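Reading through the structure tokens given below for one structure.
Since the structure is predicted, the reported quantities are computational estimates derived from the model, not experimental observations. Quick note on labels: first sequence line is chain A, next is B, and so on, each numbered from 1.
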There are 2 protein chains.
Amino acid sequence: MGFAETFKALSDPVRREILLLLRKGRLSAGEIGSHFDMTGATISYHLGILKKADLVFETREKNFIYYELNTSVVEEVMLWLSQLRGE
Amino acid sequence: MGFAETFKALSDPVRREILLLLRKGRLSAGEIGSHFDMTGATISYHLGILKKADLVFETREKNFIYYELNTSVVEEVMLWLSQLRGE
DNA sequence: AATCTATTTAGAAGATCTTCAAAATACCTG
DNA sequence: CAGGTATTTTGAAGATCTTCTAAATAGATT
């Protein structure tokens, strides 16, 4: 955990798009990759950063690795931000 | 504007600390710098990034440049994040 | 005008980030 | 076990980030 890693993870447009894709439910790494014009290696790199930031978690099933949103960290970030508005 | 710039700005611990300092009210660049063990040039660099992300705005007065929080962008970020939680 | 104070800009060094191609791993299926 | 599919890891290139020192700018004061 740590806000540096979380905000850094959120700072990349590809990673934000991945998070938006995952709103509808879990997706495999390949399904995620098919939405982008990048190699699977690069997608894997981005997923690793999202995972390290705890913004997603993975579940392995058969030959696939599924990724899923972790909304609890999103809550934490919003809590941090909220201290910046009102007191 | 743009979430990339905003999240990138938020990803650095020094810049987050600066934003927290500004909760209590505006501060000059020098006053901000006095809270950190870094050169004024580095603080100026960080302030520039916060400014470009619209997280702060400056007002010049006498010899000083005062920095102030811009909470409206914080709201926008929270709005973006909120689409990640609920449906 | 000369100088002092506050702050920024420029340039450079070293660290970190993003991307790819190629190789490695993991698991499934025949 | 051999081969196939899904994904990650490695290593490298080029871009961007953070920090400093030194120099430049802006405004106030003498």
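- Ring-plane geometry between Phe7(B) and Trp80(B) is classed as perpendicular, the angle between the planes exceeding 60 degrees on a 0 to 90 degree scale with a lower cut at 30.
- Using a 4.0 Å heavy-atom cutoff across all strands shown, Phe36(A) reaches no nucleic acid atom at all.
- Rounded to whole angstrom, the span from the CD atom of Glu58(A) across to the C1' atom of dT7(D) amounts to 10 Å.
- With a 4.5 Å cut-off on side-chain heavy atoms, Leu10(A) and Leu81(B) count as touching.
- A salt bridge between Glu58(B) and Lys51(B) is present, with a side-chain N of the basic residue lying under 4.0 Å from a carboxylate O of the acidic one.
- Note: CD1 (Ile49(A)) to P (dT9(D)) measures 12 Å, nearest angstrom.
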B/S/- contact track for nucleotides 20-30 of chain D, protein heavy atom under 4.0 Å: BBB---BBS--

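- In this structure, Lys8(A) atom NZ and dT16(D) atom P are separated by 16 Å, rounded to whole Å.
- The side chain of Tyr67(A) contributes an N or O atom lying less than 4.0 Å from OP1 or OP2 of dT8(D).
- For the OP1/OP2 pair of dT19(D) and a distance below 4.0 Å, the side-chain nitrogens and oxygens of His46(B) include at least one atom meeting the criterion.
- One interatomic measurement links the two molecules: CZ of Phe7(A) to P of dT18(D), which rounds to 14 Å at whole-angstrom precision.
- Using a 4.5 Å cut-off on side-chain heavy atoms (C-beta onward), Leu84(A) and Leu20(B) make contact.
- Applying the 4.0 Å criterion to OP1 and OP2 of dT7(C), one finds that Ser28(B) has a side-chain N or O inside that range.
- Between the CD1 atom of Ile65(A) and the P atom of dT25(C) there is a distance of 15 Å, rounded to whole Å.
- Side-chain atoms of Glu17(A) and Phe36(A), non-hydrogen and from C-beta on, do get closer than 4.5 Å to each other.
- Nucleic acid contact class of Ile43(A) (heavy atoms, under 4.0 Å, all strands): none.
- Taking atom CG of residue Leu27(B) and atom C1' of nucleotide dA6(C), one finds them 15 Å apart after rounding to whole Å.
- Considering OG1 of Thr6(B) and CD1 of Ile49(B), their distance stands at 12.0 Å, rounded to 0.5 Å.
- Between the C1' atom of dT7(D) and the CG atom of Leu47(A) lies a distance of 10 Å, rounded to the nearest Å.
- Under a 3.5 Å cut-off, the side chain of Arg15(A) and the backbone N or O of Lys8(A) do form a donor-acceptor pair.
- If you take CG of Asp12(B) and P of dT16(D), they are 18 Å apart, rounded to a whole angstrom.
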